[in-house]
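Quick notes on the structure that follows.
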Amino acid sequence: MSAALQMTAFGLALLSTLFLLLATCTDCWMVNADDSLEVSHKCRGLWRECVTNMQDGVRTCDQYDSILADHPVKIVVTRTLLITADLLAGLALAMLLLGLDCIKFLMEDPRVKLKMCYGAGVILSIGSILGLVGSVWYAVDVYVERAMLVSRNIFLGVHYDFGWSCWLGMAGSTGCFVASVLLTCCLY
């Protein structure tokens, strides 16, 4: 039972960590949601903004000035939280891998292996909370920005909605949290 639970938690943690990494690296956190008459598809991410021409499929991207440049708070906070979540999830994944019963590391002391799995669950839960806060922070800020423009009857020509990178960050964080619950609550 314990080995099956460990392998399930490991598989979920691995998949969720990949989702978090993809969400951090990809550039479609906000996507234009205007009517279908648009000739281009615009995506804004944490690191750059990209426009894809719908007729010929040509994609051009503009990098943001610098990591240290003056950026909106939602980008800086989301970057920080997601990078921290990525690092913590990677550390937890390595710790969990060494703590698995099927790995022949520290086989003579199963209590240490169990503590490693438990510690990986705790680290994974912290990382998942940071990733979820970062993703939800960004999504709420996009929603508030759009609601402010609509309430004031301001139309700038582009209407942004949540992009797939934002949803990927939320899914990865939720998966990491479920894996941490499996490791910390169900393993004993």
For this session: Go through the steps to decide whether C176 and L20 satisfy the test side-chain contact (heavy atoms from CB on, under 4.5 Å), and finish with yes or no.
Result: CA-CA 9 Å; C176 284; L20 271 175; 3.9 Å; yes

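- The side-chain contact (heavy atoms from CB on, under 4.5 Å) with K74 is formed by just one residue from the set V144, V140, D141, L46; it is D141.
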Problem set entry | Evaluation steps, side-chain contact (heavy atoms from CB on, under 4.5 Å), between V142 and F162 | CA-CA 7 Å; V142 168; F162 312 130; 4.1 Å; yes

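- Between D27 and W47, every side-chain heavy-atom pair lies at or beyond the 4.5 Å cut-off.
- The line from CG of L87 to OG1 of T17 is 11.0 Å long, rounded to the nearest 0.5 Å.
- There is no path of hydrophobic side-chain contacts, each under 4.5 Å, that joins I83 to L18.
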For this session: Check the pair F10, L100 against side-chain contact (heavy atoms from CB on, under 4.5 Å), reporting the backbone distance first and the verdict last.
Result: CA-CA 9 Å; F10 178 75; L100 291 175; 4.1 Å; yes

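- Side-chain contact between W137 and V73: present, with at least one pair of heavy atoms (C-beta onward) separated by less than 4.5 Å.
- Rounded to the nearest 0.5 Å, atoms CG (L183) and CG (L114) are 10.0 Å apart.
- Between W29 and S135, some side-chain heavy-atom pair lies under the 4.5 Å cut-off.
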For this session: Could you check S165 against T26 for side chain to side chain donor-acceptor pair (under 3.5 Å), going step by step and ending with a plain yes or no?
Result: CA-CA 6 Å; S165 296; T26 55; 2.5 Å; yes

For this session: Let me see the working for K113 and Q6 under side-chain contact (heavy atoms from CB on, under 4.5 Å), right down to the final yes or no.
Result: CA-CA 11 Å; K113 289 180 82 74; Q6 285 178 352; over 6 Å; no

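- If you chain together hydrophobic residues whose side chains sit under 4.5 Å apart, L14 and L168 never meet in one group.
- Disulfide check for C43/C28 passes, with the SG atoms closer than 2.5 Å.
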